Amino acid sequence: MDRTTGGAPTRPPHGVAGAVLLLGVLLAGAAPLIPLAVLVYRYEPELLPLFAVPLAVLVAAWRIARDRARDQLTDPLTDLPNRQALLLAAQEAIAEREEGYSVGLILLDLDRFRSLNDTLGHTAGDRLLVHIARRLHRALRSGGPAGSATRESIDDVFAGLPRHYRRGRPMVARMGGDEFAVLLPGINCPESLERVAKALIAELAAPIRLDGLLLVLEATAGVCVYPQHAQDAESLLRRADVAMGHAQRECSGVAQYDETQDADTPYRIGLLGDLRRALETGEVQLHYQPKVAFDGRVVGLEALLRWERPGQGRVSPDEFVGLAESSGLMPRLTDYVLEAAVGQLAYWRDLGLQVQVAVNVSPRDVLNPGFAQRVAGHLVRHQVPAHALQLEITERLLLDDSRRAADTLAELRGYGVGMSLDDFGTGHSSLVRLRSLPVGELKIDRSFVSRMVADDHDAAVVRCSVELAHSLGLTVVAEGVEDDETWERLHCMGVDAVQGWLVSAALPAEQATAWLRVHRTTTAPTVERLGAPPKLPSIIKPVPQQPAVKPAAQPATLPPALPPTLPRVLPPTVQAVQAMPAGQPVPAAPVEIKAPGAQTWARTRPQ
């Protein structure tokens, strides 16, 4: 529901103020008639009763205006105050707040009420809302039934409030639909407000008999406190709504307002505006972190986002990527990254550097219709073969819409685009869904790899992940490799490639180009075991075959590239046996032959 605030509402007069206002209206309306009434009284006194007609009209008009103003502040279904009345009450409570005490607001939402309303009908749903409104009003007015959790919590809270705030001042309002609000002036701390919210949820969970059915309702609450969480009445209402949304997403029942969960803070709004401008001006840069096999071959690079905000310094990718995803800017950011990464791939291929680049994509991108066509469009525009691009997805995609995601990924796979499952082990995916996805690579999350030397449990997780991936025909890449011992243990476990600071940090495009010239291999490695012939969509023109580019000669100052394997050298004992004359018996002595391909760390570690 829309909670934007219009003009400031006005409260209709009541009590002594209403009587004084009525008298003033009568006097003001009758003032022009007084001279005429004097003349009539002097010459035609029998006409004086006629002056009661305009006075009656004035009284009727005042009553209509009063009722209309009251209707503007009252919910017609439950007869509770509505949002405008709640806003007025919050403003008054903030103005009357005593030092050391706060103004608390609880926003309640009935879970799954829409399905209940559709099942029983709108009439029954309206009756249920009226019952809920009466229950909330009764619980706060009288403290709830004796011995109930509601009464005990509210009694405890009100015991610490100023005397004139105790009892009678809490206000229950209906925000619209199945949402209710409770305003508690003079609350002593947010924790007390949270206790009241939990007690009200317990009160609403009591069974309700409606049309012969016994219904049990569940609710979610968000709490917000002035001045700890908000600086005025409007922000108090909005941030209570943010807290309630967070409680619904986390299924926590009750949640306090947390600024980190609010996408509409001034800082985040400014950050989002700067991010939009940065995408237009090209301030967001891509850095590339290599992935290497244990024989020194470069099997690919991962494109990572970096953004230097003018005047603010570097912004964490987790911060601005999460902001882009929550604000709807993610498709634009993904297209920006794909365009930059595929363009860089085209540049490297012109230099004779045949590598694969991996790009992280959001689940929302994969579920967006036409995503596969957009990816293919970037490849065709830069004349880059599909197998040179790899898309990294996370396990969260398996939980959102696995069937739709699998169809999109299968279409991309049909074009020849590589697929990798990133951050494996940190989500909640099932093996059945993992098996259904057309991925060819599995990346073990750095949280397991970085601790596997010191923690046997993490080492067991890595070992099991490697065995599972290989049994499904997947290539395994370990992230976060930062020391020699981790490298050796991953090698022994059968991991196919590694990525981390031990190999190289994420490099800008220019430095990544120089790094690739030093470490390039003569043949492009096979990164994925799940092979599929590249095939572009029929509506897009196929990419013409590019002539082979002769690799540039290596400068004399650069170290030579590592060979895939060391040349086989026979031990001296075997050479002596081969040099013996024919027919001479061979002495019985143990002969130790080093296995082909066995190498030392100094020869296998990338330079």
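No hydrogens, no waters, no symmetry mates; every other heavy atom, side chains included, goes into these values. Predicted model only: the values in this text are computed from it and were never measured.
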Participant: Using side-chain heavy atoms (C-beta onward) and a distance below 4.5 Å, is V321 in contact with M330?
Facilitator: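 Yes; the side chains approach each other to less than 4.5 Å.
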Participant: For E319 and R314, what are the C-alpha separation, side-chain angles and deciding distance, and is it a salt bridge (Lys or Arg N to Asp or Glu O under 4.0 Å)?
Facilitator: CA-CA 11 Å; E319 183 177 6; R314 175 168 293 186; over 6 Å; no
Participant: Check the surroundings of atom CZ in R381: do more than 12 heavy atoms from other residues, nucleotides or ligands lie under 6.0 Å from it?
Facilitator: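 Enclosed.
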Participant: Just by distance, with hydrogens left out, do T220 and D111 show a side-chain donor and acceptor under 3.5 Å apart?
Facilitator: yes
Participant: Rounded to the nearest 0.5 Å, what separates atom CD1 in I132 from atom CZ in R174?
Facilitator: 11.5 Å
Participant: Please give me the minimum heavy-atom distance between V242 and Y257, naming the atom from each residue.
Facilitator: CG1-CE1, 4.1 Å
Participant: Can you find a heavy atom in the side chain of L217 that is under 4.5 Å from one in the side chain of I208?
Facilitator: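 L217 vs I208: side chains touch.
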Participant: With side-chain contact (heavy atoms from CB on, under 4.5 Å) as the criterion, how do Y415 and Q373 come out once you've worked through the C-alpha distance, each side chain's angles and the decisive distance to 0.1 Å?
Facilitator: CA-CA 10 Å; Y415 301 158; Q373 295 290 332; 3.1 Å; yes
Participant: Any donor and acceptor pair, going by atom type alone, linking the side chain of R135 with main-chain N or O of A206 inside 3.5 Å?
Facilitator: yes
Participant: Work out which heavy atom in D335 is nearest to a heavy atom in R374; give both atom names and the distance.
Facilitator: OD1-NH2, 3.0 Å
Participant: Atom CG of L472 and atom CG of L442: how far apart are they, to the nearest 0.5 Å?
Facilitator: 8.5 Å
Participant: For V417 and L389, which heavy atoms make the closest approach, and how far apart are they?
Facilitator: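 It is CG1-O, 3.6 Å.
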Participant: Take T123 and D126, measure what side chain to side chain donor-acceptor pair (under 3.5 Å) needs, and give me the verdict at the end.
Facilitator: CA-CA 5 Å; T123 302; D126 291 344; 5.8 Å; no
Participant: Among L88, L87, N82, L86, whose side-chain contact (heavy atoms from CB on, under 4.5 Å) with Q84 holds?
Facilitator: N82
Participant: Of all the heavy-atom pairs spanning G480 and V449, show the shortest one and how long it is.
Facilitator: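 That closest heavy-atom pairing would be O-CG1, 4.1 Å.
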Participant: Checking side-chain contact (heavy atoms from CB on, under 4.5 Å) for the pair L80/M171: CA distance, chi angles, key distance, verdict?
Facilitator: CA-CA 9 Å; L80 289 176; M171 176 182 180; over 6 Å; no
Participant: Using modelled atom types and a 3.5 Å cut-off, is there a donor and acceptor pairing between side-chain atoms of H137 and backbone atoms of A133?
Facilitator: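 No, H137 side chain to A133 backbone: no donor-acceptor pair under 3.5 Å.
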Participant: Could you tell me whether the side chain of T394 reaches within less than 4.5 Å of the side chain of P363, counting heavy atoms only?
Facilitator: yes
Participant: With the side chain counted from C-beta on, respond yes when P331 and R364 share a heavy-atom pair under 4.5 Å apart, and no when they do not.
Facilitator: no
Participant: Just verifying a value: how many Å separate L108 CG and E203 CD, rounded to the nearest 0.5 Å?
Facilitator: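 Going from the CG atom of L108 to the CD atom of E203 covers 11.5 Å.
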Participant: Measure from the side-chain N and O atoms of D365 to the backbone N and O of S362, and report whether any donor-acceptor pair falls under 3.5 Å.
Facilitator: yes
Participant: Looking at Q228, E191, H246, which hits side-chain contact (heavy atoms from CB on, under 4.5 Å) with Q256?
Facilitator: E191
Participant: Within a reach of under 6.0 Å around CZ of R134, are more than 12 heavy atoms found that belong to other residues, nucleotides or ligands?
Facilitator: no
Participant: Kindly give the heavy-atom pair with the smallest separation between A303 and V359, and that separation in Å.
Facilitator: CB-CG2, 4.4 Å
Participant: Run D422 and I393 through side-chain contact (heavy atoms from CB on, under 4.5 Å) and show every step you take.
Facilitator: CA-CA 6 Å; D422 195 13; I393 61 175; over 6 Å; no
Participant: Taking atom CG of L391 and atom CG of N360, what is their separation to the nearest 0.5 Å?
Facilitator: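 So the CG of L391 and the CG of N360 are separated by 9.5 Å.
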Participant: Would you say R451's side chain and S447's backbone share a donor-acceptor pair under 3.5 angstrom?
Facilitator: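 Judged by distance alone, yes, a pair lies under 3.5 Å.
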Participant: Less than 4.0 Å between a side-chain N and a carboxylate O, is that true for R239 and E234?
Facilitator: no
Participant: Are more than 12 heavy atoms from other residues, nucleotides or ligands located less than 6.0 Å from atom CG of D79?
Facilitator: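 Counting other residues, nucleotides and ligands, CG of D79 stays at 12 neighbours or fewer.
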Participant: Applying side-chain contact (heavy atoms from CB on, under 4.5 Å) to D232 and L236, what does each step give before you reach the verdict?
Facilitator: CA-CA 6 Å; D232 52 49; L236 185 70; over 6 Å; no
Participant: Work out which heavy atom in A181 is nearest to a heavy atom in L107; give both atom names and the distance.
Facilitator: CB-CD1, 3.9 Å
Participant: Using a 4.5 Å cut-off on heavy atoms from C-beta on, say whether the side chain of F113 contacts that of L128.
Facilitator: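 SC-SC contact between L128 and F113 confirmed.
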Participant: Using a 4.5 Å cut-off on heavy atoms from C-beta on, say whether the side chain of F371 contacts that of L412.
Facilitator: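 Sidechains of F371 and L412: in contact.
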Participant: Does a salt bridge link E283 with R309, judged by any charged N lying under 4.0 Å from a carboxylate O?
Facilitator: no
Participant: Under a 4.5 Å cut-off applied to non-hydrogen side-chain atoms, are I444 and V477 in contact?
Facilitator: no
Participant: For residues E302 and E479, determine if any side-chain heavy atom of one lies less than 4.5 Å from a side-chain heavy atom of the other.
Facilitator: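 Result yes, sub-4.5 Å side-chain heavy-atom pair found.
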Participant: Any donor-acceptor pair under 3.5 Å linking the side chain of Y226 with the backbone of L105?
Facilitator: no
Participant: Could you measure the distance from the CG atom of L213 to the CG atom of L120? Nearest 0.5 Å is fine.
Facilitator: 6.0 Å
Participant: Within this structure, what is the CG-CZ distance for the pair L275 and R332, rounded to the nearest 0.5 Å?
Facilitator: 8.5 Å
